[in-house]
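Report on the structure given below.
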Amino acid sequence: MKIASWNINGVKARLETALTWLAQAEPDIVCLQEIKSIDEGFPSERFEELGYSVALNGQKGFNGVAILSKHTIDETRKGLPGDPSDEQARYLEAVISIESGALRVASIYLPNGNPTDSDKFPYKLAWMERLKDHVQSLLELEEPLVLAGDYNVIPQPEDVYSPDAWEGDALYRPESHAKFRALLNLGLTDSLRACTNAPNLYTFWDYQAGAWQKNNGIRIDHLLLSPQAADLLRSCEIDKFARSWEKPSDHVPIWIDLAA
DNA sequence: ATGCCTTGTCGCACAAGA
């Protein structure tokens, strides 16, 4: 069971690139972020032609998350509980039928939070608190759970080309680290770190300043697992090659293989 | 130094991203 996460930075601009990667990588389930489209504008047919069912939580112009699955999607949840006034489309959860039972998957686009002196930073921290509360309730189900997405958090110094350059940034602030650790401390496993402690493994390279050419990357896309999912983890890989393609997203796909 | 790209929006520049 191959499960991927990919911030595609616009589904319309990235459609052919995404289809090419899907045909080649053949993931069972894909969590997409930043589709930048309303549900009605999402080219679902193109993905259905490849055998995927599509679940969406779209938004006009910004944000927007999706889940593609070759297995049946039984139910979905759009948005995190805890703030009815939050209209940003950043969370989608699906229960997917697999041979061994049910697998719960979430596609997460955690707020960036910059600039940190604006209301965007407290929004990020509050969103992380809501995510933690919701995940805590999901863990009580004691089922395989995969929380996949763009977390906009650089977990550790070894996850960034130059920690000094990110000092003070919302992706690297102590408050962001504390919230991310609190989430992990519920009992989640960071898939990549369960498979390797190698430094300088990145999932994002800025379009600007030759970041890709200089390998000035950061690791901010993560697949976090419940204990029942972590027990099934076989491998975790980053498809770095996708960043060198024409018209690339600034993020690349990261995926896990589960023994399920 | 928030820019040096890239995307989407009814755009003829701008916000947002990270």
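What you see is a predicted model; the values in this text were computed from it and never measured.
Atom CG of residue Asn114(A) and atom NZ of residue Lys124(A) lie 7.0 Å apart, to the nearest 0.5 angstrom.
Taking atom CG of Asp119(A) as the reference point, atom P of dA16(B) lies 10 Å away to the nearest angstrom. Atom P of nucleotide dG17(B) and atom CG of Asn152(A) are separated by 9 Å, given to the nearest angstrom. Per the geometry, CD1 belonging to Ile154(A) stands 8 Å off C1' belonging to dA18(B), to the nearest Å. Separating the OH atom of Tyr123(A) from the P atom of dA16(B) is a distance of 13 Å, rounded to the nearest angstrom. If you take CG of Leu110(A) and P of dG17(B), they are 12 Å apart, rounded to a whole angstrom. The separation between Trp166(A) atom CH2 and dA1(B) atom P is 16 Å, rounded to whole Å. Distance, Asn112(A) CG to dT2(B) C1': 11 Å, rounded to whole Å.
Taking atom P on both nucleotides, dT7(B) is separated from dA1(B) by 28 Å, rounded to a whole Å. Going from the P atom of dT2(B) to that of dA13(B) covers 23 Å, rounded to whole Å. Taking atom P in both dC10(B) and dT6(B), the straight-line distance is 23 Å, to the nearest Å. Comparing dA16(B) with dG11(B), their P atoms sit 16 Å apart, to the nearest whole Å.
Base engagement by Asp169(A) is indicated by at least one non-hydrogen atom pair under 4.0 Å involving a base atom. Here Asn216(A) lies out of heavy-atom contact (under 4.0 Å) with every strand. Using a 4.0 Å heavy-atom cutoff across all strands shown, Lys124(A) reaches no nucleic acid atom at all.
Regarding contacts with the backbone of dA18(B), a side-chain N or O of Asn7(A) is found under 4.0 angstrom from either OP1 or OP2. For dG17(B), neither phosphate oxygen OP1 nor OP2 lies less than 4.0 angstrom from any side-chain nitrogen or oxygen of His251(A). The phosphate of dA18(B) has OP1 or OP2 within less than 4.0 Å of a side-chain N or O from Tyr109(A). For dG17(B), the OP1/OP2 oxygens have a side-chain nitrogen or oxygen of Arg90(A) closer than 4.0 Å.
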Between the protein and nucleotides 3-9 of chain B, which nitrogen or oxygen pairs are less than 3.5 angstrom apart?
{"unit_1": "dT7(B)", "atom_1": "OP1", "unit_2": "Arg14(A)", "atom_2": "NH1", "d": "3.2"}
{"unit_1": "dT7(B)", "atom_1": "OP1", "unit_2": "Lys247(A)", "atom_2": "NZ", "d": "3.2"}
{"unit_1": "dT9(B)", "atom_1": "OP1", "unit_2": "Gly61(A)", "atom_2": "N", "d": "3.4"}

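Take the nearest nucleotide of DNA chain B for Thr116(A) and for Pro111(A): the residue whose nucleotide is more 5' is Thr116(A).
We find that Arg46(A) and Glu16(A) are joined by a salt bridge, their nearest charged nitrogen and carboxylate oxygen being less than 4.0 Å apart.
For Lys78(A), the NZ atom sits in a packed shell: over 12 heavy atoms of surrounding residues, nucleotides or ligands are nearer than 6.0 Å. More than 12 non-hydrogen atoms from other residues, nucleotides or ligands lie less than 6.0 angstrom from CG of Asn185(A). Within 6.0 Å of CD on Glu45(A) lie more than 12 heavy atoms contributed by other residues, nucleotides or ligands. The number of heavy-atom neighbours closer than 6.0 Å to CD of Gln213(A), taken from other residues, nucleotides and ligands shown, is above 12.
Tested against Phe204(A) for a side-chain contact (heavy atoms from CB on, under 4.5 Å), the candidates Val252(A), Asp250(A), Asn7(A) yield a single pass: Asp250(A).
Remark: the backbone N or O of Ser85(A) is paired with a side-chain donor or acceptor of Asp83(A) at under 3.5 angstrom.
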